[in-house]
Amino acid sequence: NKEKKNFIINSVPMVISSLLAPYIHEFQRDYPNLNIQMDSDPKTLDFAIKELDVAIRRTKGDEPNLVYVPIFKIAITPICRHDYFAINPDINPDTLENSRLIRLTADMHNWTHWLKQWDYKAPLGNELLLSSFRSVTESVRSGAGIAMGYQPMINDLLKEGEIITPFVNKISTYSEAYLVYRKKDENKLIIKEFEAWLKALIKLLAW
């Protein structure tokens with residue numbers, strides 16, 4: 001038997017849980033000699049200190065020893081339970097008045113960005129702040145409020161039908177995600193294979 005090699009992927013919790021965790025077994029199936037480890041961390045980890053093979057980051061750095069490959073554009077639009085407005089008749093869906101905004105503490109800018117672009121006034125004072133995107137989606141599922149969703153990470157969630165995007169034509173470009181790895185590894189076969197697999201996955205999810 002060949003000795004198993006570690007392959008360590010780092011990204012923010014939302015990307016790990018919503019994008020990679022449901023599909024990484026497909027990549028591992030093609031590479032049975034890899035021990036894949038996904039390191040979920042809201043902070044940007046330093047390749048010089050941490051034992052990492054690749055990272056997926058939402059901002060592009062200028063480290064001379066790292067390669068940043070654009071992988072997908074992140075867009076944002078609100079998400080809520082399919083019957084959220086029906087069971088909350090006092091909420092005005094045109095203005096969001098009387099709705100509760102569910103906010104992700106790791107990204108307090110997303111609602112501001114979307115509301116400003118589409119000329120909405122934010123409901124004041126009625127907010128629920130949560131520290132993980134998983135808890136945000138669970139709160140949306142329970143009907144607790146309306147949250148900001150990130151595409152393509154929410155696309156699988158939307159297929160289930162329980163959660164919807166109530167403003168289908170109001171999608172804001174938000175940022176870009178990059179695959180990051182060491183410059184000295186750019187010709188490594190496994191890095192190239194992972195990059196190709198990730199790009200194919202994004203294409204599959206961008207329905």
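One is the number of the first residue; the rest follow in order along the sequence.
For the side-chain contact (heavy atoms from CB on, under 4.5 Å) with Val12, the lone residue among Asn10, Ile16, Val15 that qualifies is Val15. Checking each of Asn88, Ile146, Asn126, Ile91 against Arg100 for a side-chain contact (heavy atoms from CB on, under 4.5 Å) leaves exactly one that passes, namely Asn126. Exactly one of Ile9, Val54, Leu20 qualifies for a side-chain contact (heavy atoms from CB on, under 4.5 Å) with Leu198. That residue is Leu20.
Heavy-atom neighbours of Gln117 CD from other residues, nucleotides or ligands within 6.0 Å: above the threshold of 12. With a 6.0 Å radius and a threshold of 12 heavy atoms from other residues, nucleotides or ligands, Lys192 has its NZ atom above the threshold.
Ring to ring, Phe27 and Tyr23 are not that close: their centroids are 6.0 angstrom or more apart.
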Derivation of the side chain to side chain contact (heavy atoms under 4.5 Å, CB included) call for Ile102 and Leu130: CA-CA 7 Å; Ile102 300 173; Leu130 298 169; 3.8 Å; yes
Worked check of side chain to side chain contact (heavy atoms under 4.5 Å, CB included) between Leu157 and Thr137: CA-CA 9 Å; Leu157 200 62; Thr137 56; 3.6 Å; yes
Side chain to side chain contact (heavy atoms under 4.5 Å, CB included) evaluation trace for Ser99 with Phe85: CA-CA 9 Å; Ser99 63; Phe85 293 109; 5.6 Å; no
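In this structure, the separation between CG on Leu104 and CE on Met148 is 11.0 Å, given to the nearest 0.5 Å. Atom CE of Met38 is separated from atom CD1 of Ile36 by 8.0 Å, given to the nearest 0.5 angstrom.
For residues 61-70, the salt bridge (charged side-chain N to carboxylate O under 4.0 Å, His left out) pairs, not counting sequence neighbours, are Arg57-Glu63.
For Glu176, the salt bridge (charged side-chain N to carboxylate O under 4.0 Å, His left out) partners are Lys73, not counting sequence neighbours.
In this structure a side-chain-to-backbone donor-acceptor pair under 3.5 Å is present from Trp114 to Lys170. Between the Tyr174 side chain and the Asn110 main chain, a donor and an acceptor come within less than 3.5 Å of each other.
With a 4.5 Å cut-off on side-chain heavy atoms, Phe133 and Asp107 do not count as touching. Trp197 places none of its side-chain heavy atoms less than 4.5 Å from the side chain of Asp30.
When hydrophobic side chains of Ile, Leu, Val, Met, Phe, Trp and Tyr are connected at separations under 4.5 Å, Ile171 ends up as a singleton with no cluster partners.
A salt bridge is defined here as a Lys NZ or Arg NE, NH1 or NH2 lying under 4.0 Å from an Asp or Glu carboxylate O, and Arg134 with Glu138 fails to meet this definition. A salt bridge links Glu162 to Arg141: one of the charged nitrogens lies within less than 4.0 Å of a carboxylate oxygen.
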